[in-house]
A.B. asks: 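Structure incoming, see below.
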Amino acid sequence: MALVALKFINGSRLFFHRTHIPSNSRTIRAFSVIMSPPSTAVVYDLHGPPDTVTRVINLPPVEMKANDVCVKMLAAPINPSDINRIEGVYPVRPEVPAVGGYEGVGEVHSVGNAVQGLSPGDWVIPSPPSSGTWQTYVVKDQSVWHKINKEVPMEYAATVTVNPLTALRMLEDFVSLKAGDSVVQNGATSIVGQCIIQLAKIRGIHSINIIRDRAGSDKSKEKLKRLGADEIFSESQLEVKNVKSLLANLPEPALGFNCVGGNAATLVLKFLRQGGTMVTYGGMSKKPITVSTSSFIFKDVSLRGFWLQKLMGIDKANESRKLIDYLLDLARQEKLKYEMEVVPFDNFHIALNKALGKQGSQPKQVIKF
């Protein structure tokens with residue numbers, strides 16, 4: 001019986017079977033096991049306030065299967081849904097203990113021996129999104145990864161899947177819009193809001209935008225104007241009997257978007273034309289949506305909801321990836337822009353505090369590994 005030998009070759013472990021070797025044979029059969037590098041990750045062992053339950057730890061190497069791809073993460077954002085998952089209030093969340101993060105971009109580090117179509121150096125994003133992107137190395141099946149154009153700015157590649165895709169799907173999925181039509185939205189300064197303005201403009205669709213009354217609102221209006229917004233109103237400006245009188249020559253919107261709730265949602269409804277539709281995709285104010293009886297009876301408005309998660313299953317991956325490629329190409333051409341702050345991974349908890357709103361309104365926080 002031969003002894004077991006163990007060697008390390010180029011970071012891989014090479015194991016020899018313990019096997020009987022006939023006296024007339026000098027052959028030893030071998031197989032290799034590819035291991036990922038060790039990873040540094042943001043983890044949480046229980047649900048709760050993200051600034052108290054998250055910690056940065058080192059994780060050991062992971063054994064890679066034949067269809068696995070090891071990705072060195074380049075960047076990943078801190079989204080509100082990431083915070084909600086850590087808090088334990090998001091409808092879909094990983095079991096704890098878990099690594100944070102849901103989207104991001106990385107570079108292929110190594111591949112299993114059965115992987116085709118991906119090579120070290122390729123840029124990839126998890127599509128559908130996948131939990132665990134807040135770490136330096138991620139190992140997942142090749143089906144998770146979507147190869148993208150490396151000419152796309154890193155921070156846009158890291159953030160394309162959740163917010164820009166939400167904006168595009170909402171513009172396309174609910175009402176058949178044509179050039180010259182209008183849409184109305186609250187939360188216009190959010191990344192989804194900024195994307196709606198730009199994607200609508202590309203299609204020749206006008207946008208009517210509602211923002212909160214707060215310090216710096218004039219600067220916010222200027223930024224939205226530069227993105228292509230047609231009309232921008234603070235909530236206090238809409239305290240009039242007939243908000244539609246403010247539209248000048250713009251047509252009444254057929255479609256509205258609500259991510260705030262409360263009075264801001266009511267303002268969206270007031271702008272809608274007969275038979276218009278309001279789509280709710282968030283509730284930042286945590287206040288309910290109140291709809292008057294007359295809006296239903298005399299205006300025949302429709303209320304819909306949008307949750308990107310429902311459209312991100314494996315069975316719909318190809319459809320989503322085509323839309324993602326379209327959005328990334330717009331970003332590459334600088335036709336799709338939004339404000340972000342890129343923060344080194346070493347400063348993760350500083351970025352987290354900003355994402356939690358502890359320092360007032362801040363740009364989207366994107367972690368660079």
A.B. asks: Go through the structure and list residues passing salt bridge (Lys or Arg N to Asp or Glu O under 4.0 Å) with Glu339, not counting sequence neighbours.
C.D. replies: Lys223
A.B. asks: Spell out, as yes or no, whether a donor-acceptor pair under 3.5 Å connects the side chain of Gln198 to the backbone of Lys337.
C.D. replies: yes
A.B. asks: Compare every heavy atom of Ile205 with every heavy atom of Asp230, then report the nearest pair and how far apart it is.
C.D. replies: OD2-O, 4.3 Å
A.B. asks: Can you list the residues that meet the salt bridge (Lys or Arg N to Asp or Glu O under 4.0 Å) rule with Arg304, with sequence neighbours excluded?
C.D. replies: none
A.B. asks: Without swapping roles, check the side chain of Thr133 against the backbone of Glu103 for a donor-acceptor pair under 3.5 Å.
C.D. replies: yes
A.B. asks: Got a donor-acceptor contact below 3.5 angstrom from the Gln185 side chain to the Gly193 backbone?
C.D. replies: yes
A.B. asks: Does Gln309 form a side chain to side chain donor-acceptor pair (under 3.5 Å) with Tyr102? I'd like the steps, not just the answer.
C.D. replies: CA-CA 11 Å; Gln309 186 79 31; Tyr102 191 59; 2.9 Å; yes
A.B. asks: Look up atom CG in Leu267 and atom OG in Ser234, then write down how far apart they are to the nearest 0.5 Å.
C.D. replies: 10.0 Å
A.B. asks: What ring pair (Phe, Tyr, Trp, His ring centres under 6.0 Å) pairs are there with at least one residue in residues 154-197, not counting sequence neighbours?
C.D. replies: Tyr156-Tyr338
A.B. asks: Say whether, by atom type as modelled, one donor and one acceptor occur between the side chain of Ser295 and the main chain of Val291 under 3.5 angstrom.
C.D. replies: no
A.B. asks: Looking at residues at least two apart in the chain, or sitting in another chain, which of them share a ring-ring contact (aromatic ring centres under 6.0 Å, His included) with Tyr137?
C.D. replies: His109
A.B. asks: Taking only Lys NZ, Arg NE, NH1 and NH2, and the carboxylate oxygens of Asp or Glu, determine whether Glu319 and Arg169 approach each other closer than 4.0 Å.
C.D. replies: yes
A.B. asks: Between Asp329 and Arg332 (salt bridge meaning N to carboxylate O under 4.0 Å), is one present in this structure?
C.D. replies: yes
A.B. asks: For Lys201, give me all partners under salt bridge (Lys or Arg N to Asp or Glu O under 4.0 Å), at least two apart in sequence or on another chain.
C.D. replies: none
A.B. asks: Quick one: side chain to side chain donor-acceptor pair (under 3.5 Å) pairs with a partner in residues 49-60, sequence neighbours left out?
C.D. replies: Thr40-Asn58, Asp45-Arg55, Asp51-Lys358, Thr54-His349
A.B. asks: Please check this pair: side chain of Ser130 against backbone of Pro126, looking for a donor-acceptor N/O pair closer than 3.5 Å.
C.D. replies: no
A.B. asks: So, for Leu199 and Pro164, which heavy atoms are closest and what is the spacing to 0.1 Å?
C.D. replies: CD1-O, 4.3 Å
A.B. asks: Does NZ belonging to Lys335 count more than 12 external heavy atoms closer than 6.0 Å?
C.D. replies: no
A.B. asks: Where is the tightest heavy-atom contact between Ala188 and Asn209, given as atom of each residue plus distance?
C.D. replies: CB-CB, 3.6 Å
A.B. asks: If we ignore angles and hydrogens, is there a donor and acceptor under 3.5 Å between the side chains of Ser220 and Thr189?
C.D. replies: no
A.B. asks: Taking Glu334 for its side chain and Ala331 for its backbone only, find out whether a donor-acceptor pair lies under 3.5 Å.
C.D. replies: no
A.B. asks: Would you check if the side chain of Trp134 reaches a backbone N or O of Pro77 as a donor-acceptor pair within less than 3.5 Å?
C.D. replies: yes
A.B. asks: Can you tell me how far the CD atom of Gln237 sits from the CD1 atom of Ile210, to the nearest 0.5 Å?
C.D. replies: 10.5 Å
A.B. asks: Does any pair with a residue in residues 118-133 pass salt bridge (Lys or Arg N to Asp or Glu O under 4.0 Å), and if so which ones, sequence neighbours excluded?
C.D. replies: Asp122-Lys147
A.B. asks: Assess whether a salt bridge exists between Arg203 and Glu172, defined as any Lys/Arg side-chain N lying under 4.0 Å from an Asp/Glu carboxylate O.
C.D. replies: yes
A.B. asks: Output the rest of the hydrophobic cluster of Met284: all Ile, Leu, Val, Met, Phe, Trp and Tyr residues reachable through side-chain heavy-atom contacts under 4.5 Å, sorted by chain and number.
C.D. replies: Val260
A.B. asks: Can you name the residues that form a side chain to side chain donor-acceptor pair (under 3.5 Å) with Ser143, not counting sequence neighbours?
C.D. replies: Asp141
A.B. asks: Please report the closest heavy-atom contact between Cys259 and Gly187, naming both atoms and the distance.
C.D. replies: SG-CA, 3.7 Å
A.B. asks: Testing the basics here: between Lys244 and Glu252, what is the closest heavy-atom pair and its distance to 0.1 Å?
C.D. replies: NZ-OE1, 3.2 Å
A.B. asks: Might you confirm whether atom CD of Gln274 has over 12 heavy atoms from other residues, nucleotides or ligands at distances under 6.0 Å?
C.D. replies: yes
A.B. asks: Working to the nearest 0.5 Å, report the span between CG of Leu311 and OG1 of Thr166.
C.D. replies: 9.0 Å
A.B. asks: Considering residues at least two apart in sequence or located in another chain, which fulfil the salt bridge (Lys or Arg N to Asp or Glu O under 4.0 Å) criterion with Lys287?
C.D. replies: none
A.B. asks: Between Asn79 and Lys364, does the side chain to side chain donor-acceptor pair (under 3.5 Å) criterion hold? Intermediate values first, please.
C.D. replies: CA-CA 8 Å; Asn79 288 319; Lys364 171 71 69 179; 2.7 Å; yes
A.B. asks: Val301 and Met278: side chain to side chain contact (heavy atoms under 4.5 Å, CB included), yes or no, with the steps?
C.D. replies: CA-CA 8 Å; Val301 298; Met278 183 176 78; over 6 Å; no
A.B. asks: Could you tell me which residues satisfy ring-ring contact (aromatic ring centres under 6.0 Å, His included) with Phe369, sequence neighbours excluded, listed by chain and number?
C.D. replies: Phe345
A.B. asks: Quick one: CG on Leu272 to CG on Asp300, what's the gap to the nearest 0.5 Å?
C.D. replies: 11.5 Å
A.B. asks: Could you go through Arg212 and Glu235, starting from their C-alpha distance and side-chain angles, then the distance that decides it, and tell me whether this counts as salt bridge (charged side-chain N to carboxylate O under 4.0 Å, His left out)?
C.D. replies: CA-CA 6 Å; Arg212 288 180 290 176; Glu235 292 183 15; over 6 Å; no
A.B. asks: Give the intermediate values and the outcome of side chain to side chain contact (heavy atoms under 4.5 Å, CB included) for residues Ile208 and Ser182.
C.D. replies: CA-CA 7 Å; Ile208 301 155; Ser182 294; 4.3 Å; yes
A.B. asks: Quick one, Ser294 with Lys299, criterion side chain to side chain donor-acceptor pair (under 3.5 Å). Give me CA distance, side-chain angles, the key distance, then yes/no.
C.D. replies: CA-CA 7 Å; Ser294 61; Lys299 289 185 64 177; over 6 Å; no
A.B. asks: Is the shortest distance from a Lys or Arg side-chain nitrogen in Lys178 or Asp181 to a carboxylate oxygen in the other one below 4.0 Å?
C.D. replies: yes
A.B. asks: If you count heavy atoms of other groups shown closer than 6.0 angstrom to CZ of Arg321, is the number above 12?
C.D. replies: yes
A.B. asks: Shortest non-hydrogen contact from Arg85 to His47?
C.D. replies: O-CD2, 3.3 Å
A.B. asks: Determine whether a donor-acceptor pair (N or O, by modelled atom type, separation under 3.5 Å) exists between the side chain of Glu155 and the backbone of Pro153.
C.D. replies: no
A.B. asks: Roughly how far, to the nearest 0.5 Å, is the OH atom of Tyr281 from the CE atom of Met170?
C.D. replies: 5.0 Å
A.B. asks: With a 3.5 Å cut-off and no angle check, do the side chains of Lys72 and Thr136 form a donor-acceptor pair?
C.D. replies: no
A.B. asks: Taking only residues two or more places apart in sequence or in another chain, which ones pass side chain to side chain donor-acceptor pair (under 3.5 Å) with Glu107?
C.D. replies: none
A.B. asks: Distance check, rounded to the nearest 0.5 Å: Trp307 atom CH2 versus Ser81 atom OG?
C.D. replies: 10.5 Å
A.B. asks: Please check if the number of heavy atoms outside Gln116 that lie under 6.0 Å from its CD is greater than 12.
C.D. replies: no
